[in-house]
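For reference, the structure discussed in these notes is given below.
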Amino acid sequence: MPQAETEPNRPLRHGWTTGACATAAAKAAWAALTTGHFPDPVEIRLPRGERPAFALAETGLGDGSAMAAVVKDAGDDPDVTHGALVRAWVRRGAPGSGVHFAAGPGVGMVTLPGLPIPPGEPAINPVPRAMVRSALEEVSGGPVDALVTIGIDDGEELAKRTMNPRLGILGGLSVLGTTGVVVPYSCSAWIHSIHRGVDVARGIGLTHVAGATGDASERAVARLYGLPEQALIDMGDFVGGMLKYLRAHPIPHVTVAGGIAKITKLAQGRLDLHSRRGTVDMQALAALARELGGDEALAARIAAANTTPQAFAHAAAAGIALGDAVAERARAVAAAVVEGSGIALDVVIFDRDGALIGHAGSPPLNLRR
C-alpha cells in the first residue's frame, strides 16, 4: 500500500518539476565538461530562491560532451513523469552563441502556434531554459556558450498519457515548471494543459472551443458541433479555471459540456466539480422540478434519489425535462465568470450514452433529442 495511504495524517511530500531535474542534470554535466568532475549531489537555485540538491543516476564524459541524468521525484503528486529519468547532454558552443537547446529522445517538438515556445523549437519552456542558463553561468562564473540537449527516457510513450499530442507537441514530453516545485494534488499540470489548449486554439485561429468534463462528453460535443481536436479542451473538474483563463484570453464561442452530475453541480454554483468539493444538492434539484410543474411526490423521489442521473430519470418519467433548466442555470453561473469578455457561451448536457439532454445559450440548437 502506498505510504500516503498508510500514514494519512502526515504532510504530503513536495517534489521537483521536470525543469528542475533538467537543470540539475545540465549543471552537473557542464561542471564535468569544464572541470572533469561531476558534482554529486548537484545543487541548483530555484526561481524562488530554494537550493535543493539532486543525486545523479547516470553520468558520462568524453568526445567533447558530457551527460548527466536525474530521476524525477514528484513527491506525493500522481505525476505521469514521477520516476522518469531526465537527461542532459552538454557541449561547448561557438564563441558568442549563448545557450541553445535541443530535444533529445523523449522530449517533444512544438508544431503549433500559441504555446510559450514557437513552432520548430523543442518543448522546453521559458522558465526551465532560464534556470539552465543561470545554472551553467553559476558554474562558469559568467556568460556561457553551450548546446544543451534534454531527454526523458520513455518520454514518447509517457506523452501519450498527456495532452501534448493535442497541443501539437510531438515526439515526447514537455519540460515544464515555473517554480521548480511540484505541489501534491495542486493539479498544476492539468491547469497548465487547459491554458495551453486555449493558447493553441487562439494561435491557429479557432473561433469555437468546447471544454468537457470527461471523455464521453468530449466525444459527444465534438460530434455535435463537428469540432476539430484542437478545439477540445479537457477541462475535467476545472470549469472555473478554464473560464477565468478564457475571460482574459477570449475565444468568440465557448461551449461547456458535461454529464448530468457535473453540470448540475455547476448549475448549483460550483466552479470546481470534483467530488471532494461536495455532491449535488438533491433538495435544490427537487425544488427545480417543482418550479417546472412537478408535484410533491416527484419532488420527494428526486430528493431521495441515490444519484443525479436517477433523479433525472424520475423527472423524465413524470414528463418533467430537467435538462434545459439545469443547463440554463449552469450557463448563468458560467456566464458570470466570463462577463464582459464578449464570449458567446452555451452549455450542453449529455447522458452516459452521449445523447443530448440539455442545452442553453448561444447559438441555439435545432436538434432532435
Side-chain angles (χ1 to χ4, degrees), residues 17-20 22 47 74 77-81 84 101 103 106-131 150 152 155-156 158-183 186-215 218 221-222 227-257 272 337-338 341 343:
T17 64
T18 49
D77 194 66
D79 190 310
V80 69
T81 57
F101 293 87
V107 168
M109 295 292 293
V110 177
T111 66
L112 293 176
L115 296 174
I117 300 298
E121 280 286 312
I124 304 169
N125 271 18
V127 170
R129 290 179 185 231
M131 289 170 60
I150 305 298
I152 302 174
E156 189 165 3
L158 291 172
K160 295 175 183 177
R161 296 159 56 188
T162 73
M163 295 301 294
N164 274 14
R166 181 174 294 176
L167 297 174
I169 299 171
L170 303 182
L173 292 161
S174 307
V175 179
L176 303 174
T178 55
T179 65
V181 179
V182 174
V183 178
S186 67
C187 299
S188 58
W190 199 322
I191 297 293
H192 172 89
S193 292
I194 291 171
H195 292 180
R196 300 296 78 81
V198 171
D199 293 343
V200 166
R202 285 165 51 90
I204 62 178
L206 295 180
T207 58
H208 181 191
V209 297
T213 59
D215 290 341
E218 181 178 274
V221 74
L227 294 173
E229 186 177 29
Q230 278 71 37
L232 303 174
I233 310 298
D234 182 10
M235 70 177 184
D237 294 320
F238 303 107
V239 61
M242 181 189 75
L243 292 170
K244 289 171 186 175
Y245 194 75
L246 281 162
R247 181 179 60 203
H249 306 84
I251 289 173
H253 179 195
V254 174
T255 299
V256 174
D272 182 341
V337 180
V338 297
S341 65
I343 292 172

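- Using a 4.5 Å cut-off on side-chain heavy atoms (C-beta onward), Pro128 and Ile150 make no contact.
- One N or O on the side chain of Arg247 and one on the backbone of Val337 form a donor-acceptor pair closer than 3.5 Å.
- Separating the CD1 atom in Ile124 from the CE atom in Met109 is a distance of 9.0 Å, to the nearest 0.5 Å.
- The side-chain contact (heavy atoms from CB on, under 4.5 Å) with Val209 is formed by just one residue from the set Val200, Leu227, Ile233; it is Ile233.
- Residues Pro47 and Met131 are in side-chain contact: their nearest non-hydrogen atoms beyond the backbone lie under 4.5 Å apart.
- Judged purely by distance below 3.5 Å, without hydrogens or angles, the side chains of Ser174 and Asn125 never pair a donor atom with an acceptor atom.
- Taking both residues in full, the closest heavy atoms of Ala84 and Leu158 are given as CB-CD1, 4.3 Å, listed atom of the first, atom of the second, then distance.
- Thr81 places none of its side-chain heavy atoms less than 4.5 Å from the side chain of Ile152.
- Residue Ala22 comes nearest to Val175 through the heavy atom pair CB-CG1, 4.2 Å, listed as atom of the first residue, atom of the second, then distance.
- In this structure, a donor-acceptor pair under 3.5 Å is present between the side chains of Thr255 and His208.
- With rounding to the nearest 0.5 Å, the separation of CG in Leu246 from CD1 in Ile251 is 5.5 Å.
- Contact of the Val338 side chain with the Val254 side chain is not registered, since no non-hydrogen atoms from C-beta on lie closer than 4.5 Å.
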Problem set entry | Steps toward side-chain contact (heavy atoms from CB on, under 4.5 Å) verdict (Thr213, Val239) | CA-CA 8 Å; Thr213 59; Val239 61; over 6 Å; no
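- At least one side-chain heavy atom of Met242 sits less than 4.5 Å from a side-chain heavy atom of Val256.
- Of all non-hydrogen atoms in Ala103 and Gly108, the two that sit nearest each other are CB-O, 4.1 Å.
- Here the side chains of Leu176 and Thr17 are not in contact, with every heavy-atom distance at 4.5 Å or above.
- In this structure, CE in Met163 is found 11.5 Å from NE2 in His192, a value given to the nearest 0.5 Å.
- Counting only heavy atoms from C-beta outward, the side chains of Arg196 and Ile169 never approach each other to under 4.5 Å.
- Gln230 places a side-chain N or O within 3.5 Å of a backbone atom of Arg166 that can act as its donor or acceptor partner.
- Glu156 CD: 12 or fewer foreign heavy atoms inside a 6.0 Å radius.
- Of the possible donor and acceptor atoms, none in the side chain of Asp272 sits under 3.5 Å from a partner among the backbone N and O of Gly240.
- Residues Arg202 and Asp199 are not paired through a salt bridge, judged by the lack of any N-O separation under 4.0 Å between the basic side chain and the carboxylate.
- Here the shortest heavy-atom pairing between Trp190 and Gly236 reads CZ2-CA, 3.5 Å.
- For the pair Phe238/Ile194, a side-chain contact is recorded, criterion being any heavy-atom separation below 4.5 Å from C-beta on.
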